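What follows is a single structure, written as structure tokens, with notes after it.
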Amino acid sequence: MKATAIATFFGVFLTCTYTAKEATKKPKKPKLYFTLTDVPQIDCDIKAGKIINPEFIAKCPPGCQDVKYRVYGTDIYASFSSVCNAAIHSGIIDNTGGKILVQKVAGHSAYRGSFSNGVRSLSLPRWRESFLVSEGKPRKGVTYPSTLEYSSSKSTAVKSEPKKPEQDPKGMKSADTTNTSEKASEQGDAIHKEYQTSPGPTPATQMATTTPTPTTTTTDPSTTVPEPTTTPATTRTTAAAAKTRPGLHRVRDMGSSSVHPAYASVVAAASRQVQAAQGRGQNTAFKGTSTSTSNRNIVRHNTGIQRQEPVATFQRAAGSPAHLGFSSKEELNPKPLESTSQGNQNCKVDLSFLMDGSWSIGKRRFQLQKRFLGNVAQALGIGSAGPLMGIIQYGDDPSTEFNLKTYANSKDLRNAIEKIQQKGGLSNVGKALSFVNKNFFLDANGNRGGAPNVVVVVVDGWPTDQVEEASRLARESGINIFFVTVEAAAQNEKQNVIEPNFVDKAVCRTNGFYSINVPSWFSLHKVVQPLVKRVCDTDRLVCSKTCLNSADIGFVIDGSSSVGTSNFRTVLQFVANISKEFEISDTDTRVGAVQYTYEQRLEFSFDKYSTKEDVLSAIKRISYWSGGTSTGAAISYASEQLFSKSKPNKRKIMILITDGRSYDDVSVPAMEAHRNGVIAYSIGVAWAAPDELEAIATDPDKEHSFFVDEFDNLYRYVNQLIQNICTEFNSQPRN
């Protein structure tokens, strides 16, 4: 009985204790995060900047692979990009849609466009925020929202009444003011939000301006345009889509922006990768066999010489960096810089020769190739202020014989070329081009940044691997590819060519400038001078050209009485803000300006100033003229005084700013300018006539014509103009 009583007592005691604990427990909060079955869906046009969440998983619908859903960047994308189309570009999903993981990261100093998985992404000089896309699988320890938080899509745009002109000699502006408020309200929602927090850039040279200081803090990234800034010519980003670990793309340059705690670790890891990568990709290894057996035992009928490839076994020397997959002679036996010379200063290029070391050419032809390279080095005039030259020998795998900084005069370079030993193997040109793109043109190897990067591929007959993709990535990195093809395939040999038309698929332009065919190795000496002339023609090295360094930009500025002194200074600030985004020099982008009323005045021509500082100072010094408005005559004057003196192969861009209807016809002068290759942008303010703005602008009008309700809002279109100029440049055909 006692035992029963004690057991009963303890049972009651434990029951009461448990009940008390349960009663004191805090109620559980409802879960705000989802299982993988609760993935929120987003539309194709949703941009990453529109979504506030720093990291999220979402589901993309089918049909997002469309040019209207623009993407900026490669591997790392500007937040102004379509999330779903960026995921297609990166290869995470295809056009059928699917789940993706998006991680926000800091802004990037440059975004490189590329063509990947059927999507053409665009280049962009700079943007304030970036994002990465990876497979739609949750990361360990991270929870994800079941609904996404979007930034506000509404913003109240304060509109002021149209200002009366100080003087109105034109007699036509008053009729246009009735449409001003309607046009302003159409433009307002699309541009007001971003620039309330992001005032337009100001040049280094101090200038008077009437641009107001924004105060509102609400931003809507989905309705804004990217805000690029000048990017140095040395800035390089890769177009290769490489992954740092499964499900996460590599990040090159994260900048110094503050980082949300939710993805601080992502940014930190990316920064470490940038330091290690030093501007180009890290994955330098190309796996190749150490034993190669040729499949090119072919009789060359055009020479009558049989070219037998022996079977050869290769072993790396002790101490060679086998973990990289390459043997770099300069690492094993660094050569001192014996002497320097200034070199041919009219040919400042950074040049890499890919010499064919395959067994198919034989020892005698390999010697002829070395003699050819030595003659090219002599003809170039190697020197520290002129061309610099390095050599990579390729076979099964490529290896650097010496880089750009190893030799700085032609004599030492020629002696070094004579000592090169044949490597053997196949003619894997595609692998060699990938190696050059990722490893050769680094600052550590002597790349000077301001000099164009050039690769000359010498190939015996044809490559034994694919070259198209490797060449495309190299071109998009700014490398000018030339091909010297010796003893091309005869008719009965063409069946052995792996990639027909490989030269046109590889070179920067398919017009013949970048390719030379030599019928025999014994004729190589005949192409030394033609090749040197082409390599040194920097104006035609189109792969070095970008939207920021390859234009002649002429500003045509309305100085009529209705503008007024204060507004005219605001227009000059607008002109300066556009100019400062470009790389200005006598060989890069050049700037000129015309002011007009009834008459026209050349403020300065394209060849007047060769530095950005001088151009900005010249803009500041332009004095307000005052008078009538003859816009048609101003266009004709700019065509004759500015654009007729534009350099060949320069893009001719006219940016015209006016605040009213013209006294004369604008359509005929504009059409004449368009026929002469001038790309015209028109910016109308207040009383400008929409029909005239469209007539002045190059087609399509919506990409080249803009309108603002008042002068103080001009700064809003700086970034849009730069973006449109770059988009148009990137869409040029490769011929």
Side-chain angles (χ1 to χ4, degrees), residues 343-356 368-383 385-392 404 410 413-414 417 429 432-433 436-437 440-441 447-448 450-460 463 467 471-472 474-488 501-521 523-546 549-550 587-588 647-651 732-735:
N344 179 8
Q345 298 181 38
N346 294 321
C347 181
K348 188 178 179 180
V349 295
D350 288 343
L351 175 65
S352 172
F353 264 89
L354 296 187
M355 65 182 302
D356 191 342
L368 292 172
Q369 182 178 203
K370 290 198 298 183
R371 188 181 305 169
F372 168 68
L373 295 180
N375 291 339
V376 170
Q378 183 67 41
L380 281 169
I382 301 299
L388 293 179
M389 179 174 160
I391 290 182
I392 291 171
L404 293 168
S410 297
L413 181 57
R414 294 187 74 178
I417 291 171
V429 175
L433 285 167
V436 169
N437 188 30
F440 188 83
F441 291 109
N447 184 47
R448 291 173 289 184
N453 294 156
V454 179
V455 168
V456 178
V457 182
V458 183
V459 62
D460 170 48
V467 303
S471 302
R472 180 183 65 79
R475 292 194 308 269
E476 290 179 353
S477 295
I479 298 173
N480 294 272
I481 301 175
F482 287 79
F483 258 71
V484 177
T485 307
V486 189
E487 297 184 2
N501 302 320
F502 64 89
V503 172
D504 282 349
K505 291 179 179 179
V507 296
C508 284
R509 287 286 186 268
T510 59
N511 56 10
F513 178 78
Y514 285 89
S515 57
I516 298 177
N517 180 255
V518 186
S520 166
W521 284 96
S523 304
L524 262 180
H525 65 280
K526 297 179 180 179
V527 302
V528 170
Q529 290 300 332
L531 177 62
V532 167
K533 183 178 180 181
R534 297 186 194 189
V535 165
C536 293
D537 190 354
T538 54
D539 282 338
R540 297 184 67 181
L541 296 182
V542 291
C543 284
S544 299
K545 302 302 180 183
T546 70
N549 69 9
S550 58
T587 58
D588 294 312
K647 283 187 176 181
N649 300 309
K650 290 281 188 181
R651 300 176 73 231
Q732 292 181 109
R734 195 173 66 87
N735 51 35

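As the structure is a computational prediction, the values presented were derived from the model and not from experiment.
- Atom CD in Gln529 sits 9.5 Å away from atom CG in Asn375 (nearest 0.5 Å).
- Formation of a donor-acceptor pair under 3.5 Å by the Ser352 side chain with backbone atoms of Val455 is not found in this model.
- We find the CD-CG distance between Gln369 and Asp460 to be 8.5 Å, quoted to the nearest 0.5 Å.
- Note that CG of Asn549 and CZ of Arg651 are 11.0 Å apart. Values are rounded to the nearest 0.5 Å.
- With rounding to the nearest 0.5 angstrom, the SG atom of Cys508 is 5.5 Å from the CD1 atom of Ile481.
- Atoms CZ and CZ, from Phe502 and Phe483 in turn, are 6.0 Å apart once rounded to the nearest 0.5 Å.
- Separation of atoms CG (Leu373) and CD1 (Ile391) is listed at 4.5 Å; rounding is to 0.5 Å.
- In this view, Phe353 satisfies the ring pair (Phe, Tyr, Trp, His ring centres under 6.0 Å) rule with no residue, not counting sequence neighbours.
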With a cut-off of 3.5 Å and sequence neighbours excluded, list every side-chain donor-acceptor pair involving residues 509-518.
| from | atom 1 | to | atom 2 | distance (Å) |
| --- | --- | --- | --- | --- |
| Arg509 | NE | Asn735 | O | 3.3 |
| Thr510 | OG1 | Arg734 | O | 3.4 |
| Asn511 | OD1 | Phe513 | N | 3.1 |
| Tyr514 | OH | Asn480 | OD1 | 3.4 |
| Tyr514 | OH | Arg540 | O | 2.8 |
| Tyr514 | OH | Val542 | N | 2.9 |
| Asn517 | ND2 | Thr485 | O | 3.3 |

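- No donor-acceptor pair closer than 3.5 Å links the side chain of Gln378 to the backbone N or O of Arg414.
- Within the 4.5 Å cutoff, the side chain of Val349 has heavy atoms near those of the Leu541 side chain.
- Closest approach of Val486 to Ser520, counting heavy atoms only: CG1-C, 3.7 Å.
- Among Leu524, Leu380, Val456, the one residue that satisfies the side-chain contact (heavy atoms from CB on, under 4.5 Å) test with Leu531 is Val456.
- The shortest distance between side-chain heavy atoms of Ile417 and Met389 falls below 4.5 Å.
- Residues Val458 and Phe372 have side chains in contact (heavy-atom distance under 4.5 Å, counting atoms from C-beta outward).
- Annotation: salt bridge (Lys or Arg N to Asp or Glu O under 4.0 Å) contacts involving residues 344-353, sequence neighbours excluded, comprise Asp350-Arg448.
- No side-chain donor-acceptor contact under 3.5 Å links Lys533 to the backbone of Val528.
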